2 protein chains.
Amino acid sequence: MANIQDVAALAGVSVATVSRVLNNSTSVVPGTRDRVLSAIRELNYNPNLTARNLRRAQTKMVLVLLPTVANPFYSRIVKGMEDIAHKNGYNVMLCNTNSDPAREKVYLELLKNRLADGAVLMSSDFETEYLMELGSIWPIVQCCEYNENTTLSRISINNEQAAYKAVEHLTKLGHKRIGMISAKNNFISTALREKGYKRALSDAGIALDPGFIMYGDYGYKSGLRLTTQLLSLENPPSALFAISDMMAIGGIKAAIQKGFSIPDDFAAVGFDNISFSSMYSPALTTISQPKYDMGCVAMELLLKGISGEETMQKTIVLEHELIIRESTVN
Amino acid sequence: MANIQDVAALAGVSVATVSRVLNNSTSVVPGTRDRVLSAIRELNYNPNLTARNLRRAQTKMVLVLLPTVANPFYSRIVKGMEDIAHKNGYNVMLCNTNSDPAREKVYLELLKNRLADGAVLMSSDFETEYLMELGSIWPIVQCCEYNENTTLSRISINNEQAAYKAVEHLTKLGHKRIGMISAKNNFISTALREKGYKRALSDAGIALDPGFIMYGDYGYKSGLRLTTQLLSLENPPSALFAISDMMAIGGIKAAIQKGFSIPDDFAAVGFDNISFSSMYSPALTTISQPKYDMGCVAMELLLKGISGEETMQKTIVLEHELIIRESTVN
DNA sequence: AATATGTATGTAATTGATTACATTAATTAT
DNA sequence: ATAATTAATGTAATCAATTACATACATATT
């Protein structure tokens with residue numbers, strides 16, 4: 001493994017000149033430049049980025065913390081983030097936290113160890129104080145989920161309004177008995193979606209039945225279980241609003257297993273528009289978040305923070321969309 | 001940001017002693033040790049891993065190259081890899097290559113830049129020579145897919161046998177007209193699965209109809225399109241073997257759209273047993289690969305390679321399993 | 001008491017780059 | 001022809017750690 005000294009020796013120049021050619025920082029006469037370049041080629045030299053990073057006090061690496069890449073919701077977002085990062089010479093380190101606070105912390109502390117220049121949080125259980133402290137030293141942006149007590153930049157959709165629109169779609173179809181399956185977590189989106197659900201019911205003149213709201217986690221199994229329970233009620237709901245597509249799909253599967261026909265006997269709306277939703281039979285009505293764009297914007301914001309271009313807190317809200325498919329209308 | 005010098009100064013010792021406490025390499029008397037420890041706490045000191053890595057000539061980082069995390073097939077594998085890596089103090093850098101040779105190369109060359117200690121390849125278009133050259137310097141293991149001309153370690157299932165079993169399942173159910181949807185790529189698994197398909201037909205005394213094998217990519221849309229074509233044949237197949245679950249699901253959707261009833265009019269077998277397969281309606285019959293274990297074993301092999309414990313080429317074949325669900329039998 | 005051994009700690013080299021500052025050579029101005 | 005300016009390149013400090021080697025002191029051995 002050749003280093004910059006070897007290249008300098010072979011080219012008959014100093015390491016400074018090699019470095020200049022490497023970074024074309026100052027002008028080097030074509031002759032020397034060529035000699036350096038061919039020495040590089042001959043020795044198959046690649047700069048040691050660890051050394052460069054140490055000297056430059058930067059890593060060109062950013063962290064992206066998310067619960068799990070297994071949830072397809074994240075993959076488009078991540079793609080957006082990666083595209084922007086790569087375009088700017090940054091690499092992305094995807095961190096699966098499994099929503100485990102200990103793991104979250106381990107990853108985020110890589111900032112302290114100077115292994116990354118900044119981080120995007122896609123969901124986290126960090127305390128406000130801790131986040132603010134780290135955020136005062138390193139750029140951190142929150143994407144989709146956020147702790148509203150921090151002054152960190154964030155990017156999301158209007159979850160309350162989106163949920164309202166989803167439930168309104170059901171009430172307009174004539175549904176009066178609408179269940180909701182939600183999650184027991186302290187995500188801001190969860191609370192807001194529940195709020196939107198309630199407002200939509202209220203605006204449609206439907207009394208809220210607390211027994212119609214069930215709690216699990218974000219997953220398919222949870223949706224299957226909770227919906228099975230809802231459908232076992234004496235007077236079960238005719239429609240369902242789920243806070244994730246995975247849960248909605250679980251709900252539909254439960255209804256199918258009970259012999260319901262969809263959407264005639266039972267309608268369902270999900271949230272996220274993961275790729276799977278359109279593949280499912282019946283295809284799922286859902287709220288689409290501009291996932292790719294969210295990823296792009298979040299990363300752009302982060303990189304601006306890193307370069308010092310943008311230091312003010314920004315709160316960006318992107319547009320969502322109701323996508324109507326077979327799970328609510330024929 | 002305090003550095004080791006600051007800690008040494010505050011504790012009234014030399015940097016060497018601080019380093020000793022940090023790595024508890026040599027014994028330090030409890031008194032000094034405590035002074036160092038409290039200086040570290042007081043200054044909120046965190047070692048700069050870039051400097052450490054430069055000095056130690058290691059990064060405690062490994063690359064995992066895969067086409068895309070959007071394919072849920074990879075998520076369990078990645079989980080296994082991460083678990084093993086973390087247990088050994090390594091971090092994983094997930095690299096979405098989108099099967100783009102240029103991106104693949106960019107990522108793998110991070111090895112040359114000393115930003116990672118080794119790599120797992122989950123699919124790649126690298127030339128044998130290039131791979132061998134890099135592999136002679138850095139530990140590289142191949143997982144699931146592999147270039148059989150290299151002497152790199154690899155871990156996979158027996159794809160030929162697995163495909164055989166899948167198709168045999170269909171012939172045993174009485175199917176005589178079995179289509180296959182495959183992909184145009186040069187993955188070894190693709191070739192082997194096709195081989196298994198052909199052998200199973202042959203063993204069942206069924207003549208191969210070349211028009212029954214269609215090629216697309218690994219995805220859902222491809223499966224939908226190709227199966228629509230197959231079902232439009234004058235004498236369409238009554239069953240389908242797809243080289244991925246995503247394709248199989250596309251195939252089922254196509255059949256449903258054509259009004260077929262599954263599995264009575266049309267049966268389908270997939271490959272991979274992604275989480276989605278059991279959620280789908282109908283649930284998908286498929287070949288299950290021990291994804292988590294494959295990830296674990298691949299990472300263990302890689303880490304052994306990095307530590308120099310294991311330098312011989314290893315070829316590990318793990319067991320697969322046919323999982324029978326609603327898409328082939330009621 | 002003199003010597004040998006061992007333990008705790010310090011000094012300074014090292015890792016591989018970047019870069020401030022110094023030097024040299026070439027060009028331009030007078 | 002000489003001084004001033006500019007351009008190209010070199011020297012050595014720097015980043016923040018680890019670690020080989022040196023040193024000082026305490027304890028053990030004879």
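Since the structure is predicted, the reported quantities are computational estimates derived from the model, not experimental observations. Each chain gets a letter, A, B and so on, in the order its sequence line appears, and its residues count up from 1.
Look at B/K79 and B/E82 and you find no salt bridge, because none of the NZ, NE, NH1 or NH2 atoms lies under 4.0 Å from a carboxylate O. Ion pair A/K87/A/D83 not flagged as a salt bridge, since none of the NZ, NE, NH1 or NH2 atoms sits closer than 4.0 Å to an Asp/Glu carboxylate oxygen.
Within 4.0 Å of A/R114, counting heavy atoms only, lies no atom of the nucleic acid at all. B/S27 comes within contact range of the sugar-phosphate backbone alone, with a heavy-atom separation under 4.0 Å but no base atom that close. No engagement by B/V18 is indicated, since no non-hydrogen atom pair under 4.0 Å with the nucleic acid exists. A/S19 comes within 4.0 angstrom of a base, heavy atoms only. Counting non-hydrogen atoms under 4.0 angstrom, B/N53 reaches nothing in the nucleic acid.
For the helix from C/dA1-D/dT30 to C/dT30-D/dA1, the axis fitted to the five pairs at one end and the axis fitted to the five pairs at the other end meet at an angle of 50° (nearest 10 degrees).
The shortest non-hydrogen separation linking B/M1 to A/I137 is CE-CD1, 4.4 Å. Of all non-hydrogen atoms in A/G118 and A/L302, the two that sit nearest each other are C-CD2, 4.1 Å. Summarising the geometry of A/T190 relative to A/A183, their closest heavy-atom pair is CG2-O, 3.5 Å, with the distance given to 0.1 Å.
With no hydrogens or angles considered, no side-chain donor-acceptor pair links B/T59 and B/N53 at under 3.5 Å.
Seen from the ring of B/Y130, B/K105 counts as a face-on cation partner, given the 6.0 Å and 45° thresholds.
Phosphate proximity of D/dT9 to A/T32: present, with a side-chain N or O under 4.0 Å from OP1 or OP2.
Protein chain B contacts DNA chain C from C/dA8 to C/dG16, reading 5' to 3' and using non-hydrogen atoms of the protein with a distance under 4.0 Å.
At a non-hydrogen distance threshold of 4.0 Å, A/G12, A/V13, A/S14, A/V15, A/A16 from residues 1-16 of chain A come into contact with DNA chain D.
More than 12 heavy atoms of other shown residues, nucleotides or ligands fall within 6.0 angstrom of atom CD in A/E109.
Looking at B/N88, its side chain does come within 3.5 Å of a backbone N or O of B/I84 through a donor-acceptor pair.
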Working for side-chain hydrogen bond (donor to acceptor under 3.5 Å, both in side chains), residues A/N147 and A/Q142: CA-CA 8 Å; A/N147 176 329; A/Q142 303 179 300; 5.8 Å; no
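With hydrogens and angles ignored, no donor-acceptor pair closer than 3.5 Å exists between the side chain of B/R56 and the base of D/dT18.
For the pair A/R55 CZ and D/dA16 P, the computed distance is 10 Å after rounding to whole Å.
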